[in-house]
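Take a look at the structure set out below.
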Amino acid sequence: MKQKKLSWLIASLFALPLAAADAHAQADEVQQVTVSGIRSSVRNALAVKEASDSMVEVIASEDIGKLPDTTIAESLARLPGLSSGMDRGNASQVVARGLGPRFIGATLNGRELATSEPDRSVRFEQFPSESLSGATVYKTQSGELVEGGVATTIDLKTVQPLKYSGRQASLRADALYYALGRDIPGAKKTAPRVGGIYLDQFFDKSLGVAFAFSYQDQPSLQKNKDHWGFNEAHSGDIDGDGKTDTTPWGFQDKVLRGSDERSSVLGKVEWKQGESLVTADAYYALAKIREPGLQHWTGDIGNWDNGQKARYSNLDIRNGYVTGASVADTGFSNHDSLWVQDTSTLALGVNGTTTAGAWKLAADLSTSRAERDSQWRDLRQFSRGTGTISWAFTGNERQDFSLGQDSGNPAGFWGPTMHIDTDGHLKDELGALHLNAARDIDLGAVKRLKFGARATHREKSYGQTTWEVAPLAAIPEADYETVNVAGMAPYIALRDFGASTAAAFGPGAFDAAGRPRSQNDLLSGWRVRERGAALYGQADLDGTLFGKTFRGNAGLRVVHTRQTGEGMQALGGGAPTAVSDGTSYTEVLPSVNLIFNMDEKQERQLRFSIARAMSRAPLDEMRASRNLNVDANPTQPLTGSAGNPQLKPMLADQIDLAWQWYFDKGALLSAGLFYKDISRYIGISSDRTTLDGRSALVTRSLNGEGGNIRGVELVYQQSFANGLGVSSNYAYTASNIHENIPAGKPFPIEGLMKHNGGLTVWYENAGYEARMSANYHSAFVRNPTWGAGQLVDNSAETYVALSFAKHLTSKLQLRFGVDNLSNQKVVYTSANNPYEQEVTEFGRRFNLGISYKL
């Protein structure tokens with residue numbers, strides 16, 4: 001389905017009222033602000049944005065424990081120039097300014113985070129509204145900003161209890177309804193969500209404490225059909241016209257009817273004594289996913305070297321591709337599976353600030369740890385007979401196929417086998433020490449000097465085991481049921497997956513202990529170590545130039561990193577052996593940010609920034625693993641695939657220019673331009689190198705030439721006296737950078753959305769609140785899987801959300817909302833081929849809840 005190009009995007013109706021000093025790094029003090037309601041949040045957001053010496057976007061709670069959305073990911077996806085890919089129906093990883101998650105730096109209270117993804121990217125849906133007071137999105141660089149975000153650096157903020165007046169607490173409870181559950185027998189349709197926050201001060205406000213929690217048992221539901229791709233190299237001429245008719249390998253459908261259980265806790269203590277402040281905080285998030293799934297796989301229709309020509313009929317051939325046909329004498333398989341995934345994130349930190357004469361000193365010690373354990377249990381059964389499979393996969397979301405047999409009768413299938421593919425374990429550990437010193441001076445336009453140092457150590461590893469289990473006993477037909485899902489052929493599924501599989505395959509069927517790892521398992525494991533050190537100096541500026549007052553900063557950050565990748569190497573199919581490699585580098589990152597006041601009231605601002613930024617290579621691509629073929633002739637090169645521990649960071653020389661007019665309270669009109677010249681862009685390609693003293697032609701991630709990304713961002717936002725408000729934005733982005741795949745017609749750079757925009761209209765008056773948001777982005781390239789280089793084109797999408805609330809009393813609020821009102825589907829197109837699509841439906845989500853503020 002084609003979508004019209006919209007020219008809006010939601011905007012920053014959100015502020016960071018409790019952390020103005022963190023969003024505006026140059027400010028000494030954070031004024032105490034009590035925020036309640038949309039209008040106050042919007043006004044304070046613009047105040048923070050206007051005061052910042054960087055170009056920023058700001059999100060904040062409208063009240064204690066109340067962000068505009070359930071998680072920070074949904075709010076981030078609505079900001080100017082930002083959007084998000086969907087995962088399990090939720091906004092998840094952010095894309096910004098035409099760049100994907102590899103270019104997004106993420107911090108929690110200014111500290112880099114360990115992640116449960118194989119690279120460095122952060123899944124922002126793990127941060128619920130109760131745990132955060134907001135976020136600051138830095139679109140420009142400064143010397144004191146932690147390196148790592150060429151596109152943006154997103155700093156998530158937890159609540160600061162000493163910035164509040166007196167004891168406060170808030171509780172919320174929601175009942176969620178998932179409409180897609182009506183189409184899937186056995187699926188959960190409803191789910192609870194609860195959360196709360198408590199904060200208080202003691203000993204004459206010298207000690208502050210905060211505690212927040214959240215819990216949600218979210219149904220994980222989806223309907224999906226997926227084209228497996230085409231037999232590009234070995235198809236044949238089916239219709240006799242002398243031309244090759246490229247045939248598909250096969251198709252699959254899929255239904256998920258699982259649950260995504262998420263919980264989090266936050267604890268924070270602040271102690272203030274005179275000019276000294278010590279803060280300690282801990283954040284822990286846990287997610288447990290249990291996803292029963294049902295699938296059909298067709299397969300066996302690839303017409304290898306035209307061997308199935310006689311079985312084809314009813315051909316629909318478009319541009320040389322067989323997009324529809326019938327194939328006789330073909331079987332299929334039924335898959336009754338369970339995906340199990342446990343992820344956890346722990347972040348601990350201690351921060352202290354004090355004064356020594358004219359100097360303000362700060363030290364921050366932090367550690368974070370993330371883990372991910374996953375396993376796919378696939379009960380696989382093949383049809384006893386064959387039939388005629390017919391399909392029509394013609395693009396534009398049309399995906400129709402029939403199996404030609406009764407797929408809902410257990411008697412029509414051979415006995416099952418159990419495939420564990422794969423039992424995977426990922427661990428990421430990160431520690432950091434950050435020291436800062438600053439003092440005020442009066443040296444012309446230089447008003448403050450800042451110096452700092454940062455040291456980090458990170459280690460990330462992954463290992464997996466894959467195996468198959470033959471049944472010890474047959475599964476009775478009575479253990480099965482037929483599952484009918486609208487739009488899908490009937491499935492067979494176990495009534496009790498756990499009990500039946502334990503009886504048939506034994507209680508240890510899913511235990512990896514003692515099982516040998518396959519060749520592929522050994523080559524898939526890796527470990528990467530990274531040590532970094534950074535020094536920076538920055539001058540904060542305030543003066544007059546060309547008759548205009550200005551402020552800003554000029555800084556220099558020097559970064560040194562040493563990295564090592566480990567893995568296994570197999571030569572010519574031989575036994576894998578350990579291998580390691582690495583490199584080191586030093587980067588110099590200068591930056592200048594200037595804000596010129598264009599009138600006496602300082603309502604009109606001209607902002608300019610020039611800087612060099614860097615984003616380190618994905619950690620999983622720095623593995624040393626190699627799988628190489630060895631020619632008997634020593635003059636011939638080794639060939640195969642590998643990781644690349646010698647990857648250097650991607651760099652960007654960038655310029656930003658923006659005009660902003662704060663023409664009223666809660667009102668902004670702005671236009672901005674940005675240009676990024678990116679070098680050493682990382683893409684997957686084949687190159688000639690030397691491995692173990694021998695020439696090699698290896699497919700792996702490489703630092704390439706890069707190119708430029710440029711764009712325009714427009715924002716209009718206004719609050720009216722009658723309680724209405726509007727927030728809109730639009731971004732246009734272009735780039736001359738392309739990925740290296742697919743060969744011959746490569747994708748544009750990952751994350752590039754040519755058009756991105758949205759509109760939010762809200763109303764707040766007499767205890768009533770209402771908000772409608774519509775967000776649009778054009779098609780963009782993304783990597784939705786774990787495998788590097790598994791790029792797809794994510795089609796254009798429009799997401800609409802509605803929310804209503806009524807204060808029943810001054811403390812009690814009733815809420816109702818609808819997410820994905822337009823029932824937007826997620827459509828992936830692979831290999832830049834319009835007929836090779838995957839279409840997923842998540843459905844609408846409704847919530848009814850109450851909030852109580854003590």
Close side-chain approach of R318 to D316, heavy-atom, < 4.5 Å: yes
If we ignore hydrogens and angles and just use 3.5 Å, is the side chain of N820 paired with the main-chain N or O of G843 as donor and acceptor? yes
Among K825, H777, Q824, the one residue meeting side-chain hydrogen bond (donor to acceptor under 3.5 Å, both in side chains) with E797: H777
Do S235 and T247 have a side chain donor and acceptor closer than 3.5 Å? yes
Applying side chain to side chain contact (heavy atoms under 4.5 Å, CB included) to Q464 and N520, what does each step give before you reach the verdict? CA-CA 9 Å; Q464 68 179 45; N520 182 66; 3.7 Å; yes
Aromatic contact, F780 with F747 (centres under 6.0 Å): no
Positive for ring-ring contact (aromatic ring centres under 6.0 Å, His included) with F393, one of F251, W228, Y835: F251
Is there a donor-acceptor contact under 3.5 Å linking the side chains of T829 and D793? no
Working for side chain to side chain donor-acceptor pair (under 3.5 Å), residues R123 and S92: CA-CA 5 Å; R123 289 193 174 272; S92 180; 2.7 Å; yes
Going by side-chain hydrogen bond (donor to acceptor under 3.5 Å, both in side chains), Y828 matches just one of Q837, R782, E836. Which one? R782
Could you check whether D245 pairs with K243 (Lys NZ or Arg NE/NH1/NH2 to Asp/Glu carboxylate O, under 4.0 Å)? no
Side chain of N303, backbone of G307: donor and acceptor closer than 3.5 Å? yes
For residues D237 and T244, determine if any side-chain heavy atom of one lies less than 4.5 Å from a side-chain heavy atom of the other. no
For residues L294 and I492, report the shortest heavy-atom separation together with the two atoms involved. CD2-O, 4.0 Å
Minimal non-hydrogen separation, F842 against L221, with atom names: CD2-O, 3.6 Å
Would you say that S500 contacts R495 through its side chain, given a criterion of any heavy-atom pair below 4.5 Å between the two side chains? no
Criterion side-chain hydrogen bond (donor to acceptor under 3.5 Å, both in side chains) against D217, the qualifying member of R262, K288, K188: K188
Measuring only between side-chain heavy atoms, which start at C-beta, is Q218 closer than 4.5 Å to L176? no
Please tell me whether T343 and R372 have a donor and an acceptor in their side chains that are separated by less than 3.5 angstrom. no
Are E232 and Y321 packed together at the side-chain level, in the sense that at least one heavy-atom pair is separated by less than 4.5 angstrom? yes
Going by the ring-ring contact (aromatic ring centres under 6.0 Å, His included) test, which pairs reach into residues 478-497, not counting sequence neighbours? H296-Y491
Closest heavy-atom contact between V485 and K223? CG1-CE, 4.1 Å
Audit row: D300, Q308, side chain to side chain contact (heavy atoms under 4.5 Å, CB included) steps and yes/no: CA-CA 9 Å; D300 195 26; Q308 294 172 289; 3.7 Å; yes
Can you confirm whether the side chains of Q790 and N783 place a donor and an acceptor under 3.5 Å from each other? no
Donor-acceptor contact below 3.5 Å, side chain R311 vs main chain D329: yes
Between S121 and D119, a side-chain donor and acceptor under 3.5 Å: yes
Between W391 and Y312, what is the ring plane arrangement, given parallel below 30°, perpendicular above 60°, and tilted in between? perpendicular
Assess, by modelled atom type and distance only, whether the side chains of R845 and N90 contain a donor and an acceptor separated by less than 3.5 Å. yes
Under the criterion side chain to side chain contact (heavy atoms under 4.5 Å, CB included), I'd like the reasoning laid out for E291 against L338: C-alpha separation, chi angles, the key distance, then a yes or no. CA-CA 5 Å; E291 281 178 343; L338 178 64; 5.6 Å; no
Step-by-step side chain to side chain donor-acceptor pair (under 3.5 Å) determination, S326 to N314: CA-CA 6 Å; S326 298; N314 303 319; 3.1 Å; yes
Short side-chain donor-acceptor distance under 3.5 Å, S259 and R290: no
Looking at R377 and D336, does any basic side-chain N land under 4.0 Å from a carboxylate oxygen? no
Write down the atom of A504, the atom of I475, and the distance for their closest heavy-atom approach. CB-CG1, 3.5 Å
S518 and D521 side chains, donor-acceptor separation under 3.5 Å: yes
Might you point out which heavy atoms bring F505 and V469 nearest each other, and give the distance in Å? CE2-O, 3.3 Å
With side-chain hydrogen bond (donor to acceptor under 3.5 Å, both in side chains) as the test, pick out the partner of S686 among T699, N740, T639. T699
Going by an N to O cut-off under 4.0 Å, is there a salt bridge joining E125 and R88? no
